There are 2 protein chains.
Amino acid sequence: MTVSITDVARAAGVSASTVSRALRGRPGVSDPVRAQIEAVAAELGYTASQSASSLASGRTRTIGVIVPYVGRWFFGTVVDASERVFSAAGYDVLLYNLGSPETRKRFFTRLPVRKRVDALLSLLIPDEEEAAALRSLDIPLAVIVGGARDGFSVVGIDDHAGATSAVRHLVNLGHRRIGMLSGASEPLHWTTPIERRQAYLDVLADAGLPYDPALEADGGYSVEGGERAMTELLAGRSRPTAVFAQSDEMAMGALRALRRHRLKVPDDVSVIGFDDHELAEVIGLTTIAQPVAGQGEEAARLLLRQLDEPGAAPPRQVQMPIHLVLRETTAPPDPRHRSP
Amino acid sequence: MTVSITDVARAAGVSASTVSRALRGRPGVSDPVRAQIEAVAAELGYTASQSASSLASGRTRTIGVIVPYVGRWFFGTVVDASERVFSAAGYDVLLYNLGSPETRKRFFTRLPVRKRVDALLSLLIPDEEEAAALRSLDIPLAVIVGGARDGFSVVGIDDHAGATSAVRHLVNLGHRRIGMLSGASEPLHWTTPIERRQAYLDVLADAGLPYDPALEADGGYSVEGGERAMTELLAGRSRPTAVFAQSDEMAMGALRALRRHRLKVPDDVSVIGFDDHELAEVIGLTTIAQPVAGQGEEAARLLLRQLDEPGAAPPRQVQMPIHLVLRETTAPPDPRHRSP
DNA sequence: CTGTTAGCGCATTCAC
DNA sequence: GTGAATGCGCTAACAG
């Protein structure tokens with residue numbers, strides 16, 4: 001039925017080992033013989049069995065990618081970009097969607113990637129226990145976004161710097177009552193919300209503005225959450241004239257809430273997001289842009305390098321550039337709304 | 001280094017085959033022995049080598065998923081949903097991103113999934129040659145969206161019916177100059193744009209409205225394309241009072257173009273999309289909703305069924321339900337704009 | 001119910 | 001430069 005290496009060997013009149021060497025481009029095969037073998041293999045439609053090959057060699061030519069939700073724009077984009085780099089290098093990608101706590105737990109206790117991948121890219125931040133489990137795999141590891149972990153390469157951005165320019169932008173426009181839509185760090189263990197929040201506090205302090213807890217609400221980094229959080233802020237006694245949303249998705253929710261309240265953006269309220277979501281441009285959202293696909297590619301490259309030079313290439317940390325993108329949702333506060 | 005089945009066997013005082021049977025839940029192992037083996041395996045942190053196991057059994061416990069762009073919302077959502085179903089059934093997912101013509105061609109000529117997956121889910125429509133290549137794999141096959149293919153299960157929606165209710169909705173509101181943002185069928189071989197377009201023509205004819213080529217523009221199913229196409233329509237001598245965008249992404253682009261032209265939606269122009277994109281609700285877009293995750297799950301289930309009952313379960317075709325979602329971008333035409 | 005025996009298809013020594 | 005052994009770790013008959 002399925003054609004094996006011995007079939008090719010027989011048809012080409014050589015031994016299986018020669019076929020193996022020829023097809024993988026290893027030295028020790030004369031040019032004419034190699035050409036002949038390649039021709040025969042193509043004609044027979046031969047592909048080496050991945051199982052047999054990796055059983056014999058110990059290498060799988062496969063990379064594992066674990067992610068909370070492939071469906072979300074950020075993760076989908078990163079997976080997309082990293083997959084392109086991996087496949088261009090001849091690696092296949094095994095995808096694990098670890099959205100729910102149960103699947104996540106199951107993954108880390110059973111570790112289905114063991115003996116199945118040559119390297120692993122994580123788009124979720126492992127806690128210490130999970131990190132230890134991954135290290136036990138004894139393969140190159142990389143994580144995107146958030147806290148450094150021993151033994152992992154890390155690709156990310158400077159969240160504090162990004163949030164700083166976002167909030168400073170609002171301050172520079174003249175805003176003094178600046179709200180924030182934030183998110184919880186747990187249970188995903190990521191440092192992003194912590195750092196973006198700290199930057200907000202730092203800029204306020206720096207500008208001599210008081211921190212008012214009533215101007216902060218948890219939007220859970222989702223559109224609906226952002227809408228809810230914004231609604232909360234609007235219900236407060238002291239409405240903000242500008243809002244820093246820690247993610248574009250929350251900013252979009254906020255825009256919706258503002259529309260429902262018949263408030264004009266940016267006339268009545270300015271909104272700035274974070275991420276530069278693919279649709280941020282469509283809705284004219286001012287935001288902090290980060291290279292999303294770029295982070296996926298970079299992480300993939302780091303892993304490939306470690307795969308190429310075993311031992312020689314240690315884990316690295318790479319910080320990608322960010323920048324403020326001015327669009328249509330921020331403006332100076334309306335003087336009529338100004339506090340005296 | 002890595003613990004193998006014989007290590008477990010030795011530690012448990014049994015043979016390797018008994019370990020194999022016990023761990024895979026096969027009959028023929030007494031309960032106490034099974035329990036003991038499970039305990040030892042857990043303690044040693046044993047996981048069967050996928051390569052060895054599939055080499056010996058012929059089954060890989062892996063499903064291949066091929067997709068043009070995981071990063072796009074529609075595909076990402078489908079991949080997400082199908083992966084959950086597969087992994088719940090104990091299958092891993094190999095992801096192939098076949099966006100560019102070169103990667104696509106390379107995939108179909110080399111067929112890296114050969115001997116590597118037990119079934120394949122395609123989110124792109126194979127042409128006849130590609131379909132033949134996949135059939136040669138001799139495994140269960142499924143395709144989402146678009147034309148039926150011999151030997152494939154197909155999951156999709158009735159594009160003609162969906163587009164019909166979209167356009168009819170505009171007609172019922174009283175619109176008579178209805179534009180369309182469409183997309184080319186090639187080079188992706190999908191029937192979607194063809195069917196949605198035909199429905200547009202059919203409804204117009206049915207309503208006694210003339211078809212005006214100046215009211216149709218190609219938006220390539222993307223946001224930017226939609227914006228360009230809408231701009232084109234607005235430049236024409238006879239502006240539409242309503243527009244049917246064949247995808248929500250194009251509709252979003254259209255909204256942006258309208259905003260740039262200082263035209264109000266829906267007062268000046270109504271817009272209806274198709275898909276019910278996750279952000280359609282955020283921007284209040286009226287659209288035709290289709291179950292995106294649902295299609296991924298359904299296709300996954302069809303494949304699993306074929307895997308469970310080899311031979312018994314033939315390929316199937318499933319049509320998922322759709323419905324009109326009324327939001328804020330459609331309304332009767334403004335009488336002031338009405339033609340006499 | 002359990003152990004023994006053969007491969008699965010390939011990569012990798014080691015000879016020649 | 002090429003071929004003949006050997007084994008990767010497991011599953012699937014076959015015995016008992």
Side-chain angles (χ1 to χ4, degrees), chain A residues 1-38 40-41 44-62 90 92 111-118 138, chain B residues 1-38 40-41 44-62 90 92 111-118 310:
Chain A
M1 36 165 280
T2 166
V3 28
S4 80
I5 198 172
T6 53
D7 297 327
V8 178
R10 196 173 322 120
V14 295
S15 76
S17 12
T18 302
V19 174
S20 173
R21 280 187 286 251
L23 260 25
R24 287 180 308 133
R26 316 304 304 252
V29 183
S30 68
D31 282 352
V33 172
R34 186 186 302 268
Q36 213 251 330
I37 290 175
E38 279 167 351
V40 171
L44 265 47
Y46 169 74
T47 309
S49 155
Q50 150 67 20
S51 320
S53 155
S54 71
L55 181 57
S57 73
R59 268 165 287 106
T60 65
R61 297 252 84 181
T62 303
D92 287 341
L111 277 188
V113 286
R114 191 183 299 160
K115 307 176 191 169
R116 203 157 167 27
V117 302
D118 292 344
D138 202 28
Chain B
M1 32 165 284
T2 167
V3 27
S4 79
I5 197 171
T6 54
D7 297 327
V8 178
R10 197 175 319 120
V14 295
S15 75
S17 15
T18 302
V19 173
S20 174
R21 280 187 286 253
L23 260 26
R24 287 180 307 136
R26 315 304 301 256
V29 184
S30 70
D31 283 352
V33 172
R34 187 187 301 269
Q36 213 251 332
I37 290 175
E38 278 168 351
V40 172
L44 265 47
Y46 169 74
T47 309
S49 156
Q50 151 66 20
S51 320
S53 158
S54 71
L55 182 57
S57 72
R59 266 164 288 107
T60 65
R61 297 252 87 183
T62 303
D92 287 341
L111 278 188
V113 286
R114 190 183 299 163
K115 308 176 192 169
R116 202 157 168 26
V117 301
D118 292 344

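What you are looking at is a predicted structure, and each value in this text was computed from that prediction instead of being measured. Sequence lines set the chain letters: A, B, ... in the order given, protein chains first and strands last, and positions in each chain run from 1. Only this structure's heavy atoms are used, side chains among them; waters, hydrogens and symmetry mates stay out.
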Self-check item: Pairing residues for A:Ala52 by the side-chain contact (heavy atoms from CB on, under 4.5 Å) criterion, not counting sequence neighbours
Solution: A:Ser49, B:Leu55
Quiz item: Taking atom P of C:dG9 as reference, at what distance in whole Å does atom CZ of A:Arg10 sit?
Solution: 12 Å
Quiz item: What residues form a side-chain contact (heavy atoms from CB on, under 4.5 Å) with B:Ala11, not counting sequence neighbours?
Solution: B:Val40, B:Leu44
Self-check item: Residue pairs involving residues 22-33 of chain B (criterion side chain to side chain donor-acceptor pair (under 3.5 Å); sequence neighbours excluded)
Solution: B:Ser20-B:Arg24
Quiz item: Sequence neighbours excluded, which residues qualify as side-chain hydrogen bond (donor to acceptor under 3.5 Å, both in side chains) partners of A:Ser15?
Solution: A:Ser17, A:Thr18
Quiz item: Which angle, rounded to 10°, do you find between the first-five-pair axis and the last-five-pair axis of the helix from C:dC1-D:dG16 to C:dC16-D:dG1?
Solution: 30°
Exercise. For B:Arg61, check side-chain hydrogen bond (donor to acceptor under 3.5 Å, both in side chains) against everything at least two apart and list the hits.
Key: B:Tyr91
Exercise. Let me know, please, whether B:Pro27 or B:Leu55 comes out on the 5' side of the other along DNA chain C by nearest nucleotide.
Key: B:Pro27
Quiz item: Looking at B:Ala16 and B:Ala9, what are the two nearest heavy atoms and their distance?
Solution: N-CB, 3.7 Å
Quiz item: Whole Å only: how far is the CD atom of A:Gln50 from the P atom of D:dC8?
Solution: 19 Å
Quiz item: Can you tell me how far C1' of C:dC8 sits from CZ of B:Arg116, to the nearest Å?
Solution: 17 Å
Practice problem: Not counting sequence neighbours, which residues clear side-chain contact (heavy atoms from CB on, under 4.5 Å) with A:Ser54? List them please. | Solution: A:Gln50, A:Thr60, B:Ser51
Exercise. If a protein heavy atom is under 4.0 Å from the base, mark B; if only from the sugar-phosphate, S; if neither, -; do that for nucleotides 10-16 of chain C going 5' to 3'.
Key: BSB----
Quiz prompt | Presence of A:Thr18 side-chain N/O under 4.0 Å of D:dT2 phosphate oxygens OP1/OP2 | solution = no
Exercise. Could you pull out all residues at least two apart from A:Thr47 that satisfy side-chain contact (heavy atoms from CB on, under 4.5 Å)?
Key: B:Arg114
